[in-house]
Visitor: 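Below: one structure in structure tokens.
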Amino acid sequence: MAKTYLLEIGLEEMPAHVVTPSVLQLKERMVKFLKDARLDFEDVKAFSTPRRLTVQVLGLADKQADVKKEVRGPAKKIAQDADGNWTKAAIGFSKGQGASTDDIVFKDIKGTPYVFVQTFTAGKTAAEVLTAGIKEVITKMNFPTMMKWSTYSFKYIRPIRWIVSLLDDEVVPVQILDVTAGRVSRGHRFLGHDVEIATATDYEADLASVQVIADATKRKATIREQIAALANERDWQIKVNEDLLEEVNNLVEYPTAFAGDFDTKYLTIPDEVLITSMRDHQRFFYVTDAEDNLLPHFVSVRNGNTDHLENVALGNQKVLTARLEDAAFFYHEDQQHSIQEYVERLKKVSFHDKIGTMYEKMQRVMVISDFLADRFGLTETEKNQLHRAAQIYKFDLVTGMVGEFPELQGVMGDKYAVLKGEDPAVGQAIREHYMPISADGDLPKSKVGAVLAIADKVDSIMSFFAVGLTPSGSNDPFALRRQAFGIVRIVREQGWDFPIRQLEADIQKELVAHDATYNLDFEKQTAPVADFLTDRVKQWFNNRKIRYDIVDTVIKGSRQDIREMFKAADVLNAHQDDPQFKDTIEAFTRLLRITAKAKLDAGDLTVDPSLFENEAEQQLYDAVLELQKQFTSAMSMDDRFKALATLRPLIVDYFEQTMVMSKDEKVRDNHLKQLLTIAQMINVMGDLNQLIVK
């Protein structure tokens, strides 16, 4: 008969951001435990609140399945002596299987008789299995931060205060430190009381009776419905931020949404400041009208019922007003100073004590961005906007507003720059240079912002590498991996030519020429920086499940150009299932292996047709001449591959009719020049020797 098992771990309040991943981990561990223990079940349901992590196992078998198996032992000639007596090998084998020699049978395997024993293991009851293993399911969990309490050495996300462990209506014994499992759970901290769970199936209803909505999905839906009801009642627009909703949901056990107000005078402050104050600092949902204009109201969620809700709203209004009053003060005070004053202050602000000041970083970024602007073909107007943005782009770091609201850096730079009469494109670039702020975050929308973002990130990576502060293992305190990945994403988005090693060398020369190194030795870290950026390209491909050999092919290309890597990977990925793909790649790689040994000047690959010894050489030569006319910068990588693929039969004929390594040096060199010309055209795809074709 199927059973239901309930495990609830009662804790002190957990941080909101760990609740969901923790209960999912508990569910995964429970599933693995039951499967490893051969205890069948239908489903595992998870429940969570800030004070509890719970799993409910449905359709649990009442016992493990019995296990019958046949085990092979030694050959008969080893198991018995000449007189038919059992040897030590046979006796030891049978004992090891929990049997005796009386249980041995012989079976032929490919003509040779072997000893076999039938074994039987009776399945344990569900109660026995759970009693033996549930403690480890609980104690082996991992959390981003862990703590000890009292005099115990055991660590957990928060102190364990109670455990409910029920198999139907029976308690399954579990003890962790001084906490013994039982059937008593705890209700809402203020509205409820302890509650006895009669059976494992009663859990959700019993907690609801003490003002706890245990199902996080239902709790979230309740919050969403309550917010929608308030919006409809007042004719408001409320865009529910999903991350905020998730956080709020994990802060409450019995949610009640309510509305509050703030003075309209604060609407003169930029919307971003108001939204940050409400959403990030107070966990409020902001309100707009139908035209998306911010309104002087907010919606919050209380961990409780509707009793005295007016007082709760007033209290929240007072807290928000105090924060907005500070914001208004900083907003008006900041405007009393010029941008140049703030830039001067950056001369005393350290970027890093081993690297220098924020002002020095800006000077380097100005050189890098000017260089990249030419490289990426920005217009003169865009170059001027970029140069100005690079001169001032960190100035808002020393404003009062950013000091109070660090998450608004860049945003306030944009706002203040425009207020001070700067070109809006300059302000936009200042805002966008931080992008992306996460692995999959938004990218800069403007070219000026994109170049400034790349220049800033390139400088950070080169500077930290120059002083030996490189990421190791999972340790990356300066988020250099994220910044490098951001460069890769921006370059892909913009389609800019970005040969990593060449650009790094060119940037170093530019910094030296403009006396902007500020005593940093960039040259000694050239290879590590290039490899670091290349690894981020590889990460991008791996995230999208591109075949590893295709990734190796494009990554190990001679130019190591990010743009070309993406194009080549797209083409190889698209054509890998073509009927002639294998034959084409084999023809190319044979050619590449031969030319790799050639010791010729790659700058002089003039082929002399008068030295040809067969028709295949001439035909290949003529076809390559035609292809070279087509190979312009405007030609897509896909068209290049298709065009090169047309050479396959000609290359095959060439190798069948031509002795490439002729004893005649002139003829041999002519052969190699002809093949090197083709190799250079092929190498734009990467190192095709890395491809695995079957």
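Just so you know, these numbers come straight off a predicted model, no measurement behind them. All residue numbers refer to positions in the sequence shown, counting from 1.
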Visitor: Compare all side-chain heavy atoms of Ile91 with those of Thr101 and state whether any distance is below 4.5 angstrom.
Guide: yes

Visitor: Can you see whether Phe485 has Arg481 sitting over its ring - NZ or CZ less than 6.0 Å from the centre and within 45° of the normal?
Guide: no

Visitor: Would you check if the side chain of Gln211 reaches a backbone N or O of Gly304 as a donor-acceptor pair within less than 3.5 Å?
Guide: no

Visitor: Would one find more than 12 heavy atoms of other residues, nucleotides or ligands at under 6.0 Å from atom CG of Leu24?
Guide: yes

Visitor: Assess whether a salt bridge exists between Lys220 and Glu246, defined as any Lys/Arg side-chain N lying under 4.0 Å from an Asp/Glu carboxylate O.
Guide: yes

Visitor: Side-chain contact, heavy-atom cut-off 4.5 Å: Gln539 with Val488?
Guide: no

Visitor: Take Phe566 and Phe541 through the test ring pair (Phe, Tyr, Trp, His ring centres under 6.0 Å) and record every step on the way to the result.
Guide: CA-CA 9 Å; Phe566 284 127; Phe541 287 129; 5.4 Å; yes

Visitor: Show the numbers, then the answer: is there a side-chain contact (heavy atoms from CB on, under 4.5 Å) between Lys63 and Glu128?
Guide: CA-CA 9 Å; Lys63 65 184 290 292; Glu128 290 176 309; over 6 Å; no

Visitor: Check whether any side-chain heavy atom of Ile138 sits under 4.5 Å from a side-chain heavy atom of Leu7, and report yes or no.
Guide: yes

Visitor: Hey, does the side chain of Gln25 reach the backbone of Asn142 with a donor-acceptor pair shorter than 3.5 angstrom?
Guide: yes

Visitor: Are any of the side-chain nitrogens in Glu12 or Arg161 under 4.0 Å away from the carboxylate oxygens of its partner?
Guide: yes

Visitor: For the side chain of Glu204 and the backbone of Ala214, is there at least one donor-acceptor N/O pair under 3.5 Å apart?
Guide: no

Visitor: What I want to check is whether the side chains of Ser94 and Asp103 have a donor and an acceptor closer together than 3.5 Å.
Guide: no

Visitor: Tell me whether Asp442 at atom CG has more than 12 heavy atoms from other residues, nucleotides or ligands lying less than 6.0 Å away.
Guide: no

Visitor: Rounded to the nearest 0.5 Å, how far does NE2 of His433 lie from CG of Asp456?
Guide: 4.5 Å

Visitor: Assess the residue pair Asp243 and Asn241 against the criterion (side-chain contact (heavy atoms from CB on, under 4.5 Å)); give the C-alpha distance rounded to whole Å, side-chain angles, the decisive distance to 0.1 Å, and a yes or no.
Guide: CA-CA 6 Å; Asp243 290 339; Asn241 180 285; 3.4 Å; yes

Visitor: Has Glu225 got a side-chain atom pairing as donor or acceptor with Thr222's backbone, closer than 3.5 angstrom?
Guide: no

Visitor: Quick test of your reading of the model: are Lys3 and Asp62 salt-bridged, counting only N-O distances below 4.0 Å?
Guide: no

Visitor: Within 45 degrees of the ring normal and closer than 6.0 Å to the centroid, is that where the cationic atom of Arg544 sits relative to Trp540?
Guide: yes

Visitor: Looking just at side-chain N and O atoms, do His281 and Glu407 make a donor-acceptor pair shorter than 3.5 Å?
Guide: yes

Visitor: With side-chain contact (heavy atoms from CB on, under 4.5 Å) as the criterion, how do Val212 and His188 come out once you've worked through the C-alpha distance, each side chain's angles and the decisive distance to 0.1 Å?
Guide: CA-CA 6 Å; Val212 174; His188 189 281; 4.2 Å; yes

Visitor: Of Glu70, Lys69, Lys68, which meets side chain to side chain donor-acceptor pair (under 3.5 Å) against Gln118?
Guide: Glu70

Visitor: Would the number of heavy atoms belonging to other residues, nucleotides or ligands and lying under 6.0 Å from OH of Tyr5 be above 12?
Guide: yes

Visitor: Between the main-chain N or O of Ala257 and the side-chain N or O of Gln226, is there a donor-acceptor pair closer than 3.5 Å?
Guide: yes

Visitor: Hey, does Gln64 have a side-chain heavy atom less than 4.5 Å from the side chain of Leu39?
Guide: yes

Visitor: Using modelled atom types and a 3.5 Å cut-off, is there a donor and acceptor pairing between side-chain atoms of Arg219 and backbone atoms of Ile213?
Guide: yes

Visitor: Less than 4.0 Å between a side-chain N and a carboxylate O, is that true for Arg29 and Glu136?
Guide: no

Visitor: What I'd like to find out is whether the side chain of Thr4 reaches to under 4.5 Å of the side chain of Tyr203, using heavy atoms alone.
Guide: no

Visitor: Mind checking ring pair (Phe, Tyr, Trp, His ring centres under 6.0 Å) for Trp162 and listing every partner two or more places apart, or none if nothing turns up?
Guide: none

Visitor: For Phe190, look at atom CZ and say whether over 12 heavy atoms of other residues, nucleotides or ligands are found less than 6.0 Å away.
Guide: no

Visitor: How long is the span from the CG atom in Leu244 to the CG atom in Asn249, to the nearest 0.5 Å?
Guide: 11.0 Å

Visitor: To the nearest 0.5 Å, tell me how far Phe47 CZ sits from Lys27 NZ.
Guide: 10.5 Å

Visitor: Going from NZ on Lys45 to CE on Met30, what distance comes out if it is rounded to the nearest 0.5 angstrom?
Guide: 15.5 Å

Visitor: Going through the checks in order, is the ring pair (Phe, Tyr, Trp, His ring centres under 6.0 Å) test met by Phe465 and Phe478?
Guide: CA-CA 11 Å; Phe465 270 70; Phe478 307 110; over 10 Å; no

Visitor: Among pairs that include at least one residue of residues 46-59, which meet salt bridge (Lys or Arg N to Asp or Glu O under 4.0 Å), considering only residues two or more places apart or in two chains?
Guide: Glu8-Arg52, Arg51-Glu253, Arg52-Glu253

Visitor: What's the spacing between Ile157 CD1 and Leu53 CG if we round to 0.5 Å?
Guide: 9.0 Å

Visitor: Determine whether a donor-acceptor pair (N or O, by modelled atom type, separation under 3.5 Å) exists between the side chain of Thr276 and the backbone of Val273.
Guide: no

Visitor: Assess the side chains of Thr139 and Tyr156: does a donor N or O sit below 3.5 Å from an acceptor N or O?
Guide: no

Visitor: Between Ile238 and Val287, is there a side-chain heavy-atom distance shorter than 4.5 Å?
Guide: yes

Visitor: Can you check whether Asp549 reaches Gln690 side chain to side chain, under 4.5 Å on heavy atoms?
Guide: no

Visitor: Parallel under 30°, tilted from 30 to 60°, perpendicular over 60°: which one fits the rings of His297 and Trp236?
Guide: parallel

Visitor: For Thr131, which of Val174, Thr125, Val172 qualifies under side-chain contact (heavy atoms from CB on, under 4.5 Å)?
Guide: Val172

Visitor: In Å, rounded to the nearest 0.5 Å, how long is the span from CD of Glu13 to CG of Asn250?
Guide: 12.5 Å

Visitor: Given Glu242 and Leu245, is the side-chain contact (heavy atoms from CB on, under 4.5 Å) satisfied, shown in steps?
Guide: CA-CA 5 Å; Glu242 294 301 321; Leu245 179 61; 3.9 Å; yes

Visitor: Under a 3.5 Å distance rule, please check whether Arg183 uses its side chain to pair with a backbone N or O of Thr199 as donor and acceptor.
Guide: no

Visitor: Are Ser300 and Met278 close enough that some pair of their side-chain heavy atoms sits under 4.5 Å apart?
Guide: no

Visitor: Closer than 3.5 angstrom, by distance alone: can the side chain of Gln409 be matched with the main-chain N or O of Pro406 as a donor-acceptor pair?
Guide: yes

